[in-house]
Amino acid sequence: MVVAERLPSGLRLVTEAMAHVRSVTVGVWLTRGSRHESDAESGVAHFVEHMLFKGTTSRSAQQIAQTIDSIGGQLDAFTAKEYASYYVKVLDEHLSLAIDLLSDMVMRPALAPADVTKEQSVILEEIKMVEDAPDYLVHEVFAQQFWARHPLGRPILGTPETVTSFESAGLRRYFDRTYTASNLLVAAAGNFEHAALRALVDRAFGALPPGVPAEAVAPPAVTPGLVVRQKDIEQSHICLGTPAYPQAHIDRHAMYVLNTILGGSMSSRLFQHIREERGLAYAVFSNLTTYSDAGAITVYAGCAADRLNEVVDLTLAELRTLRSIAVPDDELRRAKDHLKGSLMLSLESTSSRMSQLARQIMSFGRTFTLDETLDSIERVSAADVLRVAQDLFRDGAPVATVVGPKLEQPLTVEQLKG
């Protein structure tokens with residue numbers, strides 16, 4: 001059973017007890033991410049995430065690692081555009097220790113100047129790693145063009161200039177104003193009793209400062225355009241994209257089905273027509289990215305430079321077909337069953353259950369049962385998919401980015417209009 005409540009400190013708590021497992025996953029979610037940074041502090045959310053592993057006022061970085069290793073647990077974190085998450089997975093008998101460790105990290109980080117200097121070097125190498133991974137870099141370049149001059153378009157890692165400008169006092173100011181009860185959510189799934197876990201969380205996080213409600217952020221606008229980044233590599237990597245609906249949109253389930261049909265599975269149109277039938281690419285897929293007030297459907301492919309235009313033309317042809325002709329019943333059935341099966345399989349672990357609880361609370365302010373979600377997918381009709389495709393694909397692919405060798409036949413903006 002799922003229980004959601006707000007503790008006396010103002011901290012939100014959501015849990016799901018799973019009596020048939022022996023593990024527990026607990027996550028502390030921060031409802032602030034890279035889109036909430038100013039230009040000058042770009043990358044600070046990610047930098048602070050790293051720093052929380054460097055030690056607290058009572059534990060060194062080595063002691064944090066030894067604590068989790070000594071109980072066979074898993075401790076990790078990530079930063080996204082709209083949130084950050086710190087989570088630990090342990091055997092149920094170690095729940096108390098897991099909550100104590102997480103609370104220590106997110107409430108009492110050391111943020112020592114010497115550690116800041118070392119972590120600057122680490123993150124600069126992380127930025128270089130992105131530059132050396134063209135299949136990842138092309139998506140970064142795409143976001144920078146798609147949401148140009150908006151925080152959603154900035155890289156989560158920041159830039160070398162902003163990263164090297166960070167110092168301990170500034171990180172502390174960011175931490176103090178951001179890591180407050182009003183911006184934090186604790187989610188847990190696994191073998192426990194809610195009342196017992198609630199007591200542990202209440203005690204561990206009771207001293208959190210309340211904070212103030214977050215200011216509203218401005219929604220982004222799409223900036224059409226074509227960006228080509230020349231690199232001396234073997235393949236051309238391309239990312240094409242169109243606007244999509246925000247996370248809570250009423251047509252989100254039809255959009256999920258549409259994305260699955262376009263390029264979200266091995267039987268999808270892009271995979272079959274570009275890879276299987278013509279052998280033009282090894283990797284080709286579509287991806288759906290949604291935020292609180294915006295979204296994007298992107299198509300990625302890696303191919304030989306002299307086949308790039310053919311891949312683009314085939315992709316745009318699929319967008320035209322999807323907005324012109326209703327999908328056949330068997331294809332719709334396959335896409336819905338794929339979505340439902342993938343969802344059910346993904347929720348078999350305590351970590352995935354915990355993550356889903358947190359994301360639903362942050363996006364919708366409530367949780368949905370599995371049956372509710374499955375029913376919503378099942379209700380999607382071919383007419384719904386056609387209507388959504390006509391809306392989202394009406395302008396072709398207004399944004400494209402290419403990373404790769406020099407093109408003998410340059411791509412043009414006119415081609416993208418589909």
Q: Kindly indicate whether the side chain of Arg387, heavy atoms from C-beta on, has any atom under 4.5 Å from the side chain of Asp391.
A: no
(Q) Let's go through Glu378 and Arg333 carefully: what are the C-alpha distance in whole Å and the side-chain angles of both, what is the deciding distance for salt bridge (Lys or Arg N to Asp or Glu O under 4.0 Å) to 0.1 Å, and is it a yes or a no? (A) CA-CA 9 Å; Glu378 187 57 38; Arg333 177 76 272 150; 2.7 Å; yes
Q) Within a strict 4.5 Å, meaning less than it, do heavy atoms of the Leu200 and Phe192 side chains meet? A) no
Q: Specify the closest pair of heavy atoms between Asp384 and Ala254, including all atoms of both residues, with the distance to one decimal.
A: CB-CB, 4.1 Å
Q: Looking only at non-hydrogen atoms, find the nearest pair between Cys303 and Ala281 and report the distance.
A: CB-CB, 4.4 Å
Q. Should the heavy atoms of other residues, nucleotides or ligands under 6.0 Å from CG of Asp329 be counted, would the total exceed 12?
A. no
Q: Could you tell me whether the side chain of Met1 reaches within less than 4.5 Å of the side chain of His194, counting heavy atoms only?
A: no
Taking only distance into account, with no hydrogens and no angle test, what donor-acceptor pairs under 3.5 Å do side-chain atoms of residues 68-79 form with protein atoms, sequence neighbours excluded?
{"residue": "Ser70", "atom": "OG", "partner": "Gln66", "partner atom": "O", "Å": "3.1"}
{"residue": "Ser70", "atom": "OG", "partner": "Thr67", "partner atom": "O", "Å": "2.9"}
{"residue": "Thr79", "atom": "OG1", "partner": "Glu49", "partner atom": "OE1", "Å": "2.6"}

Q: Rounded to the nearest 0.5 Å, what's the gap from OG on Ser286 to CG on Leu258? Could you check?
A: 8.0 Å
Q. Around atom CD of Glu167, are there more than 12 heavy atoms of other residues, nucleotides or ligands at under 6.0 Å?
A. yes
Q) Under 4.0 Å between a Lys/Arg side-chain N and an Asp/Glu carboxylate O for Arg173 and Asp176? A) no
Q: Return yes if some donor-acceptor pair links the side-chain N/O of Arg252 with the main-chain N/O of His249 below 3.5 Å, else return no.
A: yes
**Q.** Leu319 to Gly396 - nearest heavy-atom pair and separation
**A.** CD1-O, 3.9 Å
Q: Show your reasoning for whether side chain to side chain contact (heavy atoms under 4.5 Å, CB included) applies to Leu137 and Lys231.
A: CA-CA 11 Å; Leu137 177 62; Lys231 271 186 174 288; 3.4 Å; yes
Q: Please name all residues satisfying ring-ring contact (aromatic ring centres under 6.0 Å, His included) with His253, sequence neighbours left out, ordered by chain then number.
A: Tyr256
Q | Point-to-point distance, once rounded to the nearest 0.5 Å, from CG of Leu288 to OH of Tyr245 | A | 11.5 Å
**Q.** Thr321 backbone acceptor or donor facing Ser324 side chain under 3.5 Å
**A.** no
Q) Does any donor atom in the side chain of Thr25 or Thr350 lie under 3.5 Å from an acceptor atom in the other side chain? A) yes
Q | Taking every non-hydrogen atom, the tightest pair across Pro134 and Val403 | A | CB-CG1, 4.0 Å
Q) Does some side-chain heavy atom of Ile99 sit less than 4.5 Å from a side-chain heavy atom of Leu197? A) yes
Q. In terms of side-chain geometry, is the basic nitrogen of Glu131 or Lys128 positioned less than 4.0 Å from the acidic oxygen of its partner?
A. no
Q) Would one find more than 12 heavy atoms of other residues, nucleotides or ligands at under 6.0 Å from atom CG of Leu345? A) yes
(Q) Is it the case that the side chain of Glu16 and the backbone of Ala188 share a donor-acceptor pair, with hydrogens and angles ignored and the cut-off at 3.5 Å? (A) no
Q) Heavy atoms, side chains only, cut-off 4.5 Å: are Thr56 and Gln63 in contact? A) no
Q.
Between His338 and Met266 (side chain of the first, backbone of the second, donor and acceptor by atom type, cut-off under 3.5 Å), is there such a pair?
A. no
Q: Find out whether Arg149 and Thr223 are in side-chain contact, i.e. whether some heavy atom of one side chain is under 4.5 Å from a heavy atom of the other.
A: yes
Q: Please identify each residue that fulfils ring-ring contact (aromatic ring centres under 6.0 Å, His included) with Phe271, with sequence neighbours left out.
A: none
Q: Might you point out which heavy atoms bring Val380 and Lys336 nearest each other, and give the distance in Å?
A: O-NZ, 2.9 Å
Q.
Between Asn259 and Gly264 (side chain of the first, backbone of the second, donor and acceptor by atom type, cut-off under 3.5 Å), is there such a pair?
A. no
(Q) Working note: Leu270 + Leu262, criterion side chain to side chain contact (heavy atoms under 4.5 Å, CB included); need CA distance, chi angles, decisive distance, verdict. (A) CA-CA 6 Å; Leu270 290 175; Leu262 174 62; 3.8 Å; yes
Q: Give the minimum heavy-atom separation between Leu416 and Val399, together with the two atoms involved.
A: CD1-C, 4.5 Å
Q. Listed by chain and number, what are the ring-ring contact (aromatic ring centres under 6.0 Å, His included) partners of Phe142, not counting sequence neighbours?
A. Phe146
Q) Would you say the side chain of Leu411 lies within less than 4.5 Å of the side chain of Ile238, judging by non-hydrogen atoms? A) yes
Q. Listed by chain and number, what are the ring-ring contact (aromatic ring centres under 6.0 Å, His included) partners of His139, not counting sequence neighbours?
A. Tyr300
Q) What is the distance from atom CE of Met354 to atom OG of Ser85, rounded to the nearest 0.5 Å? A) 5.0 Å
(Q) Would Glu372 and Arg366 count as a salt bridge (Lys or Arg N to Asp or Glu O under 4.0 Å) here? Give the steps. (A) CA-CA 12 Å; Glu372 284 180 290; Arg366 56 156 293 191; 3.0 Å; yes
(Q) Tell me which one of Arg172, His46, Glu119 satisfies side-chain contact (heavy atoms from CB on, under 4.5 Å) with Met51. (A) Glu119
Q) Hey, are Glu41 and Arg32 close enough for a salt bridge, meaning a charged N less than 4.0 Å from a carboxylate O? A) no
Give the table of side-chain donor-acceptor pairs shorter than 3.5 Å for residues 152-166, with sequence neighbours excluded, one pair per line with atom names and distance.
{"residue": "Arg154", "atom": "NH1", "partner": "Asp39", "partner atom": "OD1", "Å": "2.5"}
{"residue": "Arg154", "atom": "NH2", "partner": "Ser34", "partner atom": "O", "Å": "3.4"}
{"residue": "Arg154", "atom": "NH2", "partner": "Glu37", "partner atom": "O", "Å": "2.6"}
{"residue": "Thr159", "atom": "OG1", "partner": "Glu161", "partner atom": "N", "Å": "3.4"}
{"residue": "Thr159", "atom": "OG1", "partner": "Glu161", "partner atom": "OE1", "Å": "3.3"}
{"residue": "Thr159", "atom": "OG1", "partner": "Thr162", "partner atom": "N", "Å": "3.2"}
{"residue": "Thr159", "atom": "OG1", "partner": "Thr162", "partner atom": "OG1", "Å": "3.2"}
{"residue": "Thr162", "atom": "OG1", "partner": "Ser42", "partner atom": "O", "Å": "2.8"}
{"residue": "Thr162", "atom": "OG1", "partner": "Thr159", "partner atom": "N", "Å": "3.0"}
{"residue": "Thr162", "atom": "OG1", "partner": "Thr159", "partner atom": "O", "Å": "3.1"}
{"residue": "Thr164", "atom": "OG1", "partner": "Pro160", "partner atom": "O", "Å": "2.7"}
{"residue": "Thr164", "atom": "OG1", "partner": "Glu161", "partner atom": "O", "Å": "3.1"}
{"residue": "Ser165", "atom": "OG", "partner": "Thr162", "partner atom": "O", "Å": "2.6"}

Q. To the nearest 0.5 Å, how far apart are CZ in Arg203 and OG in Ser9?
A. 13.5 Å
Q. When you look at Asp395 and Thr242, which way does the side chain to side chain contact (heavy atoms under 4.5 Å, CB included) test go after all the steps?
A. CA-CA 8 Å; Asp395 297 322; Thr242 74; over 6 Å; no
(Q) Could you go through Asp337 and Arg334, starting from their C-alpha distance and side-chain angles, then the distance that decides it, and tell me whether this counts as salt bridge (Lys or Arg N to Asp or Glu O under 4.0 Å)? (A) CA-CA 5 Å; Asp337 287 345; Arg334 189 166 57 246; over 6 Å; no
(Q) How long is the straight-line distance from CE of Met18 back to CZ of Arg353, given to the nearest 0.5 Å? (A) 4.0 Å
Q.
Would you compute the distance between atom OG of Ser355 and atom CG of Leu347 and round it to the nearest 0.5 angstrom?
A. 9.5 Å
Q. Looking at side-chain heavy atoms only, is the closest gap between Phe205 and Leu7 below 4.5 Å?
A. no
Q: Evaluate the side chain to side chain contact (heavy atoms under 4.5 Å, CB included) criterion for residues Val257 and Leu332: first the C-alpha distance (whole Å), next the side-chain angles of each, then the deciding distance (0.1 Å), finally the verdict.
A: CA-CA 8 Å; Val257 174; Leu332 178 65; 3.8 Å; yes
